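So the structure is just underneath, and the comments pick up after that.
Hydrogens, waters and symmetry mates play no part in the numbers below; they use all other heavy atoms, side chains included. In this text, all values refer to a predicted model and were calculated from it rather than measured experimentally.
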2 protein chains.
Amino acid sequence: MVKIVIVEDDVFLRAELQSILEKEGYSVESISSFDTTLEDIISAAPSVIILDLNLPKLSGFQICRALKARGIGPILVLTSRNQLRDELHALDLGADDYLTKPCHPKRLIARIQKLHHLYANMHVLLDAGDFQLDEKANVLYVGKNSISLSENEGMIMKALVKAVPSVVKKEELFNQLWGSSEYVDENILQVNMTRLRKTLDEVGLSNRIKTVRGIGYQLIGGSCR
Amino acid sequence: MVKIVIVEDDVFLRAELQSILEKEGYSVESISSFDTTLEDIISAAPSVIILDLNLPKLSGFQICRALKARGIGPILVLTSRNQLRDELHALDLGADDYLTKPCHPKRLIARIQKLHHLYANMHVLLDAGDFQLDEKANVLYVGKNSISLSENEGMIMKALVKAVPSVVKKEELFNQLWGSSEYVDENILQVNMTRLRKTLDEVGLSNRIKTVRGIGYQLIGGSCR
DNA sequence: TTCAAACCTTACAACAACTGTAAGAGTTAA
DNA sequence: TTAACTCTTACAGTTGTTGTAAGGTTTGAA
C-alpha cells in the first residue's frame with residue numbers, strides 16, 4: 001500500500017487532494033497543525049510526502065530540511081508560491097519536486113508515481129555531502145567504495161550525521177549506545193570514538209569528528225549542498 | 001567531474017545551454033544527429049542527460065524509452081512542447097524530470113543538480129520482487145526490515161538472484177565462493193546452503209531456494225514485476 | 001521394494017571481528 | 001602549573017563466520 005501524507009493547512013484543498021489521491025488507490029493521511037507535524041510525518045512512514053510551504057507555524061522550508069536530515073522522503077512541494085527563488089530554495093533544502101498550484105491532478109499523480117518509484121528502488125541514505133550512511137545496514141559509502149561499520153560505529157555515525165551541523169552531547173550518545181539505565185565507564189565512548197575515527201581515516205575521511213570539550217562531538221566538513 | 005550530455009537539434013539553443021552549464025562547472029557534450037545518438041549517449045557515460053523531444057529522426061520519446069531500458073539516466077526532458085499529455089507520456093516512458101522552454105537557467109541547474117544528486121546516491125539493488133539485495137554491503141531488504149548476510153551467504157544470494165529464473169550450477173557457485181583452483185569438500189556448499197536457507201527463514205523467506213538435483217540451486221517465487 | 005547417489009543437518013573447533021575494561025599518556029584552559 | 005578532560009593502546013571475553021567431519025534423509029531408477 002502506497003501511503004501519502006499531505007501537509008497542508010487549507011482544509012478544502014486538503015480534502016480535494018485526498019479525494020483525488022484516494023481515487024487513484026493511494027492511502028492518504030492529512031496533517032495540518034504544526035505541533036504534531038514532524039512527529040506525525042515520521043511515524044506515518046509515508047511513501048511520499050506532499051508539502052505546502054505556507055504553514056502556520058514552522059515554515060515548509062524548515063520541515064523540508066528537518067525531514068531530509070532524517071532521511072525521510074520523498075518530498076513533493078505543492079504550493080501557490082510561484083517565485084523561482086522559492087522553488088530553488090525548496091529544492092536546495094531537499095525537496096524532490098516542486099509543483100505550483102493550480103496543478104492538474106494528472107500531473108500531480110504522474111510526479112508522485114515518479115518519486116515513489118524512484119525511492120522505492122532506492123536506499124534511504126543519510127547524506128553528509130561527501131559520503132553517505134546506510135543507517136539500516138551500517139554501511140558507509142564514500143565515492144565508489146563502501147565499508148561496513150560495526151554496530152557501535154554505525155550508531156555514532158548516525159547520531160553525528162543526523163545532528164549536522166550541531167554538536168551531539170556525550171550524554172545523548174551514551175543513551176543511544178548503552179541506554180540511560182546502566183552505568184558504563186565514561187571511557188568507553190572515547191574508545192569507540194577512537195575506533196570510529198580510525199575507520200574513517202582508512203577511507204579518506206580524516207579529521208571529520210571534532211571534539212567539543214566538555215560537551216560532545218561534532219561532524220564537520222563535507223560541503224552541504 | 002559531472003558530465004552532461006545534451007541531445008538537442010537547435011544549434012543556437014544547444015550552444016546557449018552548453019555555455020550556461022559549462023559556466024556552472026559541468027563537463028558538457030552536445031549531440032544532434034540521431035544516427036550516432038544512442039551509442040554516443042551510452043558511451044559518453046553521462047551523469048545527466050538533457051533531452052529534447054523534437055528531434056529529426058527518432059523521437060525523444062523513443063530515445064527516452066531506449067535509454068531507460070538500458071538503465072541509463074537520469075533523463076531531464078527540456079522541450080518547447082507544453083502539453084500536459086506530452087509531459088505525462090515522457091514521465092511514463094522514463095524521463096525523470098520535464099521542463100518546458102523557455103526555462104530559467106537557475107531552474108534548469110537546480111533540477112540537474114537534484115537529479116544528479118539523486119542518482120549519484122542511488123544504490124544498485126538486485127531486485128528479486130519481494131526482496132532486494134545490496135550486493136556491495138551484503139544486506140538483504142525484506143519489506144521494511146533488513147538483515148546483513150555473511151560473506152558466503154551474500155555471494156550465494158547474489159548468484160541466485162542474478163540468475164533468476166535459471167538454475168545456478170553447483171560448479172559455478174564453487175567458482176564464485178572458493179575459486180576454481182583449490183580442492184574443497186563438496187559438502188561445504190551444502191552446509192552453506194543450509195545456513196543461507198536458515199537465515200532466509202528467519203526473515204520470512206521460506207522455501208525460496210530450490211534444489212535441482214544433480215545440477216544446482218534455483219531461486220523461486222517472488223513475483224517479478 | 002531396494003539401494004546407491006545426492007543431498008541435508010548438526011556439532012565442533014579454529015579464526016576473526018567486536019566490545020568493554022584498564023592503565024597510562026596527551027591536551028586544554030583557567 | 002594543575003586538574004579536568006580527552007586520547008590511545010593493550011588485553012581478554014564474547015560473538016559470528018567458516019570449514020571439517022560424521023551421520024541422517026531423500027530421491028529415483030532398477
Discussion item. Does B/Asp96 form a side chain to side chain donor-acceptor pair (under 3.5 Å) with B/Tyr119? I'd like the steps, not just the answer.
Written reply: CA-CA 10 Å; B/Asp96 295 283; B/Tyr119 270 68; 2.8 Å; yes
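One interatomic measurement links the two molecules: CG of A/Asn207 to C1' of D/dC7, which rounds to 14 Å at whole-angstrom precision. Whole-Å rounding puts the A/Leu196 CG to C/dG20 P distance at 14 Å. Between the CD1 atom of A/Ile147 and the P atom of C/dC18 there is a distance of 11 Å, given to the nearest Å. A/Leu189 places its CG atom 13 Å from the C1' atom of D/dC5, with the value rounded to the nearest Å. Taking atom CG of A/Asp201 as the reference point, atom P of D/dC7 lies 14 Å away to the nearest angstrom. We find that CZ of B/Phe174 is positioned 15 Å from P of D/dT18, with the value rounded to whole Å. If you measure from atom CD1 of B/Ile188 to atom P of D/dT17, you get 14 Å, rounded to the nearest angstrom.
In this structure the side chain of A/Val161 reaches within 4.5 angstrom of the side chain of A/Phe131, judged on heavy atoms. A/Leu99 places a side-chain heavy atom less than 4.5 Å from the side chain of A/Arg111. Proximity of B/Leu149 to B/Val139: side-chain heavy atoms (C-beta onward) are nowhere separated by under 4.5 Å.
Within a 6.0 Å radius of CD in A/Glu171, no more than 12 heavy atoms belonging to other residues, nucleotides or ligands are found.
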Worksheet, complete the sentence: Each nucleotide of nucleotides 4-14 of chain C classed B (base within 4.0 Å of a protein heavy atom), S (only sugar-phosphate) or -, in 5' to 3' order, makes -BBBBBBB---
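B/Arg208 contributes no side-chain N or O that, together with a main-chain N or O of B/Leu219, makes up a donor-acceptor pair within less than 3.5 Å.
Remark: A/Trp178 is not in phosphate contact with C/dT19, judged by side-chain N or O atoms under 4.0 Å from OP1 or OP2.
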Would you give me the side-chain donor-acceptor pairs under 3.5 Å for residues 191-202 of chain A, sequence neighbours excluded?
unit_1, atom_1, unit_2, atom_2, d
A/Asn192, OD1, A/Asn152, ND2, 3.0
A/Asn192, ND2, A/Ile188, O, 2.8
A/Thr194, OG1, A/Gln190, O, 3.1
A/Arg197, NE, A/Ile209, O, 3.4
A/Arg197, NH2, A/Ile209, O, 3.0
A/Arg197, NH2, A/Thr211, OG1, 2.8
A/Thr199, OG1, A/Glu153, OE2, 2.4
A/Thr199, OG1, A/Arg195, O, 3.0
A/Asp201, OD1, A/Ser206, OG, 3.0

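Of all heavy-atom pairs between A/Cys103 and A/Leu78, the closest is CB-CD1, 4.0 Å.
Remark: A/Arg107 does not engage A/Asp97 in a salt bridge, criterion side-chain N to carboxylate O under 4.0 Å.
Residues from residues 150-162 of chain B lying near DNA chain D, meaning a heavy-atom separation below 4.0 Å, are B/Ser150, B/Glu151, B/Asn152 in numerical order.
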